[in-house]
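Structure first, then comments.
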Amino acid sequence: MEYRIQELEAKWQSWWAEQGTYKVDLVPGRPKYYVLDMFPYPSGAGLHVGHPLGYIASDIFARFKRMEGYNVLHPMGFDAFGLPAEQYAIQTGVHPSDSTRDNIARYREQLRNLGFNYDWSREVNTSEPDYYKWTQWIFIQLFLHWYDQKLQKARPIQELAGHFQQNGTNNLTASFGEEMQFTAEEWRTMSNIRQEEVLMNYRLAYRRVSFVNWCEALGTVLANDEVKDGLSERGGFPVERRPMLQWSLRITAYAERLLHDMEELNWSDALKAMQRNWIGRSEGARIFFSISDSNHSLEVFTTRPDTIFGVTFMVVAPEHDLLPELTTPDQKEKVEAYLQYVNSRSERDRMSEVKQMTGVFTGSYVMHPFSGEQIPIWTAEYVLKDYGSGAIMAVPADDDRDLAFAEMAGLPVIDIIDRAEWPDAKREDKVGRMIHSDFLNGLLVSDAIQLVIDKLQEKAIGERKINYRLRDALFSRQRYWGEPFPIIFDKDGIPHPVQEEELPVTLPPLDNFKPTADGHSPLARARDWVELADGARRETDTMPGYAGSSWYFLRYMDADNPEAFVSREALEYWQDVDLYIGGTEHAVGHLMYSRFWHKFLFDLGYLPTNEPFRKLINQGMIQGVIESIYLLKEKVNGKHLFRCAGLAEADDVQKYIQIPVLIDYIKEYGTDSSYLDLESIKHFIDWRPEYRDAIFECAKGTYENGVFTPKGAENSPHLYTHSEVGKMSKSKYNVINPDDVVKVYGADCFRMYEMFLGPIEQSKPWDTKGIDGVSKFLKRFWTLFSHQDQWLVQQTGEPDRDSLRILHQTIQRVRDDINRFSINTCVSHFMICVNELKRLDCHHQEILEPLVRLLAPFAPHISEELWHLLGKESSVHHADYPEVIEAYLVADEVTYPVSVNGKRRAEMTVPTDTDQRRLEELALAMPEIGKWIDGLTIRKMIVVPGRMINIVAG
RNA sequence: GCCGAAGUGGCGGAACUGGUAGACGCGCUGGACUCAAAAUCCAGUGUAAGCAAUUACGUGCGGGUUCGAGUCCCGCCUUCGGCACCA
């Protein structure tokens, strides 16, 4: 029997599918285990070798858990709504649902090729109406609820209306957008429209005006990272910040729980730190400064109320609501000019440019609450509208930015903290004694903070407050390929949720996917769909990419249920995700939104758990090498000129641009000396015909119009390319498809090789240098069973003790390493085991049979084949995990390193049960040791049983 | 700038709680088989000196703790990833 990889892998993949080997059902009484992968966006480029890294690890773990006796849920699906399909549709006219369907088919095939144990009967696709019906349903629930901070729980909006009816805003503990105060009487006399507006201020899904990066030329809203220097990254068109009425989700209501509940999760500290920083909780006070010559007051948030006597100016954000009112006629021109400047800058620009302070005086003043002094109000872009109250009290003596601003604007600085007693303290340490601070003088900072807040409270102009950096999530997109909102506006413009029976609200068919000229979603083109009876209209925005991915892990539990997003029965059994593996790029966004939705559904009583993912592992990225050649920016005699990397770098790289080359054409790809030869230049020209007439120059000569003119005796050019490590992406032409690797080496080999590359958390560029080692290992493993046409497995007699020891040692090591997700070292253990068994010429059934089971999670195909060749009928993947028999692990002898003063000088092999005193005697008696301790006094002997012996002499 | 992760042979990496640094694999060198090659098998392979036994040095750099440090502590350097001028 030969090891025919391709044949054998295809055979078992079909068999597993026919047998439903990986299908799972609820089995009451059997312990569950849920292993989840972050589902992919099915892009046109197909799956590349980076995707499977995490999938292989989770596949191994899921199989391992199943063999240990767990009922394992291990599903896969597709995050199928998204911008690329829509852009492809705009370019080619292919409907996003068609391209998405094709891409998914390809992904599914590629995943199948790798032998993953997904239960495909549970596949989800976020772009299918059966799925997004429930995304819409969850949105409606968010719309119909508000958050009660006192009960720390979402509650139905009717209960809030009831509260208003009875008490107005008295004793209200709701999360809200803007602060409101009214009596029950006032509520009752409000118009219906006004009441709806008020309720909108409290709903968990609500509409508000948000500033977006609007690009007129592209007719669309851009994300922060799509904007560079006030211009769109694509095309370089101007971008302005424009207010738009859009849907948002009140994730801020859950800030405290999102922060607090993280403690119990089995996530890395680094990841928790990222989420913690994102939420950004800070304790401080809100203070109201009364504005001179006005009956308004200016609210600020500060973490340092103790520094109130150091305030020398106030700053409001350029978008602050009160700014127009604060601006005096003689400052109007300056303020407006400044606003125009600010508008041209994206949020990212405003945040990244630290050095240069800008801002203008508004002309108004506030009154200091204690000294009564007049303090000027400025506006400056370093104060952000969405953080705190959008205004600060500036204390240049104790804040670097305020100081920089004061220096720029020529404003005074008042020292208020004496740190003489804490010479090493920095500002952020919050220590010191107050000076120049009236009633605070001499107090410690911490005491002063409390005293100031108390005084402010007495005067009713301030209070303690906890502030979060976290902002509400913008939930509207002006796009086609996303979930439509299940919302209808009546003729008064009041939004109403669609009746549950009418869900899903499906996307209307369209053939033009461009946004409308006035910036509305392409859905606005579908007049018949938008316009309803009685002047009612549908919402035309769609939901963002993270809508469908915020709850998909729940749908897998009960993927086809038409009655509910998931049945109670399935939830009671599967509970939550035990292990979630995915990339760090989703560390904040996706995980935060999922946790928020999960908690919300928990509040409504739909879920039994309040956190979705118990344990999380971030896999590293497998990067690619981007290969490019240097093109001289200036044409030479009207022709393009490409130069070898060596020549261009010796010249001046600024004069060149880099043109990426499809890596298939590169010789010695991924090495320092990757290059193009004659043949590859021809390929390149066929691929990019616009460079047909270009000149290619390298040290060996020049290529032009199909002719190579050598400088010396060479007959081929050797055009060195520029190589850099980066993301694998279609646009860099460096995608490596796992199918190609599988075709040559087989899926088992590919899987084990990716694991063998190193720890899963680590990022590394793809390279196949070591893959032969893994391939050889699998072949050697096979030869333990069969060589040429001979079946070697021996069924009679007892295996020898050495073989048994090796087997059980391997079982123990592999099991322990899987448990700590050290999968790369598992592969090494297997290699060592096979090497040893080969050396011992062991072919015994009692050794090989458990070994097949042990290898099954890693190399499922070869294991299944050998398992059946051993005469088994059912799948190896349903077999029990092999057990370690401790008795076999004990070796008869141990080898001790013997050190003198910590340096290893000799080795000593003794029976395992040698006692400590005897070990000391033997070590001291060794001739190799004698010469090192000669003439010295033995001060101490250190013996670590089973590990080492150290003689301390001096 | 801040936060996070990491620096170990020619390369990927191993060393779980402080205990033989370099497991395992690639590559390389030599040998066996072969007309030859591939494949396979055997041996060697951190650096330097030495015929050798052996010795010295060696985990980014500089200190420290310890019988003993890749691992712990202090100070630096470099690379990668993330980001918030957060009041």
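Here is how names work: the chains are called A, B, and so on, in the same order as the sequence lines, proteins then strands, and each is numbered from 1.
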Identity of whatever pairs with [N] - Watson-Crick or G-U, under 3.5 angstrom:
N	value
rG1(B)	rC83(B)
rA52(B)	none
rU45(B)	rG27(B)
rA69(B)	none
rU78(B)	rA6(B)
rC35(B)	none

Closest to the [X] side chain: [options]?
X	options	value
E907(A)	rU20(B), rA15(B), rC41(B)	rU20(B)
R905(A)	rC41(B), rA56(B), rC85(B)	rA56(B)
N950(A)	rC67(B), rG12(B), rC24(B)	rC67(B)
D772(A)	rG19(B), rG27(B), rA14(B)	rG27(B)
V944(A)	rG19(B), rC26(B), rA15(B)	rG19(B)
R947(A)	rC16(B), rG25(B), rA84(B)	rC16(B)
R469(A)	rC85(B), rG12(B), rA84(B)	rA84(B)
S828(A)	rA23(B), rC67(B), rG12(B)	rA23(B)
K776(A)	rC26(B), rA21(B), rA87(B)	rC26(B)

Hey, is the side chain of [X] poking within less than 4.0 Å of OP1 or OP2 on [N], counting only N and O atoms?
X	N	value
K903(A)	rC57(B)	yes
Q762(A)	rA6(B)	no
R813(A)	rA23(B)	no
N277(A)	rC86(B)	no
K940(A)	rG68(B)	no
S282(A)	rA87(B)	yes
R286(A)	rA87(B)	no

* To do: For the residue pair F750(A) and W766(A), categorise the inter-ring angle as parallel (less than 30°), tilted (30 to 60°) or perpendicular (more than 60°).
  =>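 Tilted, since the angle between the ring planes falls between 30° and 60°.
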Indicate, with a heavy-atom threshold strictly under 4.0 Å, whether [X] touches base, sugar-phosphate, or nothing.
X	result
N824(A)	sugar-phosphate
R820(A)	sugar-phosphate
M948(A)	base

* For D767(A) and for G770(A), find the nucleotide of RNA chain B with the closest heavy atom, then tell me which residue's nucleotide is more 5'. =>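 Nearest-nucleotide comparison on RNA chain B picks D767(A).
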* To do: Could you say whether I942(A) or V827(A) is positioned toward the 5' end of RNA chain B, judged by the nucleotide with the nearest heavy atom to each?
  =>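 Nearest-nucleotide comparison on RNA chain B picks V827(A).
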* Determine, for E256(A) against R281(A), whether the closest basic-nitrogen to carboxylate-oxygen distance falls under 4.0 angstrom. =>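 Between R281(A) and E256(A) there is a salt bridge, with a charged N closer than 4.0 Å to a carboxylate O.
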* To do: Decide if the gap between the ring center of F781(A) and the ring center of Y3(A) is smaller than 6.0 angstrom.
  =>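 Aromatic pair excluded; centres sit 6.0 Å or further apart.
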* May I ask you to check whether Y745(A) and Y753(A) place their ring centers less than 6.0 Å from one another? =>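 Centroid separation for Y745(A) and Y753(A): 6.0 Å or greater.
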* **Syn or anti conformation of rG9(B), syn meaning chi within 90° of 0** =>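 With its glycosidic angle within 90° of zero, rG9(B) counts as syn.
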* Asked: Over how many whole Å does the gap from M274(A) atom CE to rA84(B) atom C1' extend?
  ->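 After rounding, the gap between these two atoms is 13 Å.
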* Rounded to the Å, how far apart are M393(A) CE and rC86(B) C1'? ->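 Answer to the nearest Å: 15 Å.
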* Of all the heavy-atom pairs spanning I308(A) and H368(A), show the shortest one and how long it is. =>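 Between these two residues, the closest heavy atoms are O-NE2, 2.8 Å.
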